[in-house]
Every structure is written in structure tokens, then in C-alpha cells.
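All heavy atoms count here, side chains included; hydrogens, waters and symmetry mates do not. None of these values were measured; they are calculated from a predicted model.
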Amino acid sequence: MTPTTSPTATDVERLRAAARFVREQETTDLLARVLPGLDGPELRATAERCRFAHAALLVFPPDEQALRTELAAAGLTPDGEARPSVVVRERLAARHGLGVEELDVRILRPAVFGRPGGEQRAVEVFALTAPAGSAAATVAAEERAVDREAHVAFDVERPDPLVLRGLRAGFLRYGAAPDGGGYNPHEDGTVFYFAAPDETKTPYRRVELYARGDHRDVLAEHLDERRAGAHPAETLLRLLTGAWTTQALAVCAELRLPEAMSPRTARGAEALAPVVGARPENLATLLRYLAMVGVVAEEPGARGTFRLTEAGLLLREDAEGSVRALALMYGGPFYESFGRLAHTVRTGEPGFEDRYGENHFDHFARDPELAARFDRSMTASAPMFDPLPRHPVVTAAAAAPGGRTVVDIAGGTGELLGRLLTAHPSLRGVLLERAHVVEAARSRLGAVVERCAFRTGDFADVPSDGDVYVLSRVLHDWDDERCRAILRHCAAAMPPEADLLIVERLLPVDSSPSLATAWDLHMMCNTGGRERTAAAYAGLLADAGLTLVGRTPLPLEAHVLHARRR
């Protein structure tokens, strides 16, 4: 039941208890209680990505006027007209064997102000209209006894697919289990429900992550995990079609379908086909598949017309955080190399080299267009850099008298270095890269380019006049022997008091779901590199005369490792 209530409590008492709970909570503390074991840096990182938003309960008024009277008696003011609750209505219908048209479920979110700082939150009220003697009244009697829809909810800040996947993985790692969800087109929001772990320290047994926008691609993965009890053949069939999704997304990007579509106005295949140069019948099939994975959404009541979702917008080339180049890479050269995965597993030779006859870096260097696409694709994971300007090593360097220098080794087109220099005007930068990448970086760095020097070379050319050295997503490209050589070059160049920051994903020490596990396979097949555990990186650093001082989690399941000369 709702906190401090009993099975016989009235809806007014339950509403009052929920409001009291919402007023008293603080995000970080509540997360730690919901997911016991989540603490330290990971707790802080999770709290930065989502905030406590509301507690929810299901009530059972005979009509809307009775609902308004109950809310007023509980001291709650409705937030406007009640809107349809698609997700809860579908859950109730499925649970009780009814058609969704037989149930009228509405949603209201009266505001409640939290005591820590007066932050605005809400009590989320689901109202199942249950007139006496109706089928809904029978549902109400059972639901009141078990209170299945009561939950606490966290709103995801700046949701995107990678952030959502990272949060989901964290919830699962600390004992939560998928418990359904859905997309509500009436408010353009996606809901991910979890069953709280048995050890949870709150009276609520369910947890919600709420993400603004249409994230049905990530939701499909969430619902698939809930269907873990499905027939094994069904599970394998879903897994085996993953390649189809990769190609559908790559073709969507190649046709520039997102540029031809709008998130506001739905269009059909007949209208879109001449714009993107496609056959209408075949484009319609592609659009239906893209709707299934959440890149487009079919317009309610206008079958065969589609609008672009928030996820689909990221496939536009000019979108902030665009993943178009990444989609073309994964559907192009990396897709081809994964066709040689068996060769890699048998021989240890990267599939990329077997397919193209040369290594990843040499192949891209000889094809300027492909190299530029690869460099653009690397910016798709740029959100992992968001906290780095606040890292203590960086802020200490920025505060030091006389200014300090950050050396970004193999720093690509300067995505990370540009963020550090923009955040701290006192810092100077040095970018060490290959010649063709340096030229791209000069235009990419814009206003901070005057504070940046450029060095053309490889890892043997690390400059010796830096204060903070950065290796971002570099070591996972290489085997252990090459990593030791790279780190030795760094150690030899670093002044005694310099710091080294390494950005990588870390493999879990158990079988927990992790993006690093997927990227481990990717690196093995494409570059011959690998992802590693924190202990493995500590060992490589020690072999190079460096010491791992600490590590801090970053978005997208990345970490920053801090090392110094021993």
C-alpha cells in the first residue's frame, strides 16, 4: 500500500500519504534507498542524470467530480484537465482480461513542493473511473488490495538513447527488474517501469524512469528483457534480426530520410519517396520497420503516415549530437568487418584487416571522405565528456597561477579539448594527431583555436611541456603490448607533477549488462583492441611507471582514470 496507509484506507488518506512522502524526499538519498548498494561516485553520477519527480498511486472515483473532491480534501490542486493514461490503461486491461476500450483511466499531476529547497514535484494520480456495478468496479476492488500501480518516479535529465541505456543498466545491476512500460503519445513521454529489489528501503515496490520524447527503441529492449520467459526460439529470432535494424538505420541515414521528415507533420511513403529517391512500396516497408524500433512514429488515426521521433532527429546530419555518421559507419565498413567475426575468433586477426587487407587506421587515412566520416562519428559519444571540465585535476590546473597546458594525445578533431578550453579560459591546449585530423580540428575548435597548438605525429611525439595529459578512447584501440608502449611514451614526456586522465569504458567484473562488453567485441573485430577492467588498466599503468590514483564515472557508462608518475 501507499506509505503509512492500510488496505482499508480511503483514497483521500492515500493521497495525503503520497503527498507527505513526496515533500520529504531528496533525489540522492531516495536513489540510495530504492537501490541499496548504489553509493559513492556511481550514486552521484546517477543522481546527476535523473531527479526525483513524483510518487504515484491509482485511485477509483465513480466519476471525475468525485475525483476533484477527493483531491481537494487531500490538499491537492489538479494541474488542469485530466489526460488519458495509455500505459496504465493497457496494463490494467491486460491484467484483468478486458479490452482497453472498457476502461477509462485518466492522469493528473497536482504539484507538491519538496522541503529540500522547495523543488516542485508532483503526486501522479491515475484515476480509474469505476461506477458501482461496472466491470471497472471489479478491477478497482482487486487493485485497491494490491496497489500494483503505486511507484516512485525519476525524470531523466536530457534523455537520449545512450543515457537511457546506461541508467537502465545501472538499475538492473543493483537488483531492479524490468516491469513493463510504454509510450504515451498524448504527452510525448516514454515510461520505463522496474520492480524494486527485495532489499529496497522504501515502501514503494515499483520504480519509474520517465523520459520526455519518443524512446520506443530503448523501450523495446526493456520490454524484451521482461519477456525473458518467452520461448527460446522467439528470443533467438529477436536477437538474430539485430543486423536488420543496423541496416535499416544506416539506410535511413543514407537516404537522408530524417531530413525529409518532420517531428510535427506526418507524411506518407508516396510523398516522401520522390524526395529521397526511393520506390514508394519499399519505402513504406522501411518506414513500418523504423516505427517498430522507434525512429519514426505512425500518426494516430492516419495509418501509413509517419513523423520523426526524438531518436530519429539524431540521424539528421545537422542535429546537435548527430549520430548519422555513426550509423553510416556501423552499417558500412564496421558492418562488413563483423562479417569476418568468425575469422577474428579463430585467428586473432581483426575482421577489418581480413576484409580490407589493411588495418583500420591505414585504411581510413587513405580515404579522406571515410576518414572524415569516422572522425564525425566519434562525436556521437561526446556527452560522456560533459563532467570532465569539472574534474578536480582540470579545475586545479585552471586555477593555478600563470595558466596551465592540457595535452590531448590522439584527440581527434578536438571535441574534448575544445570543451576544456571553453570552460576554462586560463588553460592552453596542445592537440597531437595525424595530419589530416589536425586540419579538421583547426576548424572544429572555433573560438578557442587561438589558445591551442597543433602537433602532427604519433605516440612517440608526445610533447614534454604539459601539465595535464589526456588519452580519451585511445587505449581500447590497441592490444596490451601497444598500450604499454603508448603509456611509456606518456610517462617519459610527463613532468614529475603532471597528471594523466584516461577516458574509457570499463568492463564489469561479473556478467552485468554493460556497453563495455559490446564494445569489447567491436574493438576485437575492428582494431584488434579491447575493453578492460579497472584492475587491468592499473596493471598497464604500473608497467609504464605510472600509478592509478582514482577513477570517476562519466555518462554513457564511461569512466575517467586519473594516473600520475610513480
*How far apart are the closest heavy atoms of Thr413 and Val437, and which atoms are they?*
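Minimum heavy-atom separation between Thr413 and Val437: N-CG1, 4.0 Å.
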
*Within the distance-only criterion (no hydrogens, no angle test), does the side chain of Glu433 pair as donor or acceptor with the backbone N or O of Gly412 below 3.5 angstrom?*
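Here the side-chain-to-backbone pair exists.
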
*Check: Gly351 main-chain N/O paired with Thr344 side-chain donor or acceptor under 3.5 Å*: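 Side chain of Thr344 to backbone of Gly351: a pair is present.
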
_Please evaluate residues Met378 and Glu415 with respect to the criterion side chain to side chain contact (heavy atoms under 4.5 Å, CB included), reporting the C-alpha separation (whole Å), side-chain torsions for both, the decisive distance (0.1 Å), and the verdict._
CA-CA 9 Å; Met378 293 295 285; Glu415 177 70 33; over 6 Å; no

*Ring-face cation of Arg121 near Phe52 (centre distance under 6.0 Å, axis angle within 45°)*: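 No, a cation-pi geometry is absent between Arg121 and Phe52.
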
So that I can tick it off, tell me whether [Y] and [X] are bridged by a salt bridge, with the cut-off set at under 4.0 angstrom between side-chain N and carboxylate O.
X      : Y      : value
Glu504 : Arg532 : no
Asp179 : Arg206 : yes
Arg484 : Glu481 : no
Asp480 : Arg530 : yes
Arg564 : Glu497 : yes

*asked:* If you apply the rule salt bridge (Lys or Arg N to Asp or Glu O under 4.0 Å), what do you find for Asp386 with Arg419, and how did you get there?
replied: CA-CA 8 Å; Asp386 287 349; Arg419 287 174 180 241; 2.4 Å; yes

*Go through Phe154 and Leu30 one step at a time and tell me if the side chain to side chain contact (heavy atoms under 4.5 Å, CB included) criterion holds.*
CA-CA 10 Å; Phe154 298 87; Leu30 183 57; 3.9 Å; yes

Taking the side chain as every heavy atom from C-beta outward, state whether [X] and [Y] have any pair of such atoms under 4.5 Å apart.
X      : Y      : answer
Val468 : Leu427 : no
Trp478 : Thr527 : no
Thr246 : Phe338 : no

*Among all residues two or more places apart in sequence or in another chain, which pass the ring pair (Phe, Tyr, Trp, His ring centres under 6.0 Å) test with Tyr335?*
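Ring pair (Phe, Tyr, Trp, His ring centres under 6.0 Å) check on Tyr335 returns nothing, list empty.
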
_Those residues that, when tested against Ala400, pass side chain to side chain contact (heavy atoms under 4.5 Å, CB included) (two or more places apart)_ = Arg404

*Enclosure of Arg346 CZ (heavy-atom neighbours >12, cutoff 6.0 Å)*: no

*For Phe459 and His489, what are the C-alpha separation, side-chain angles and deciding distance, and is it a ring pair (Phe, Tyr, Trp, His ring centres under 6.0 Å)?*
CA-CA 7 Å; Phe459 298 113; His489 286 308; 7.7 Å; no

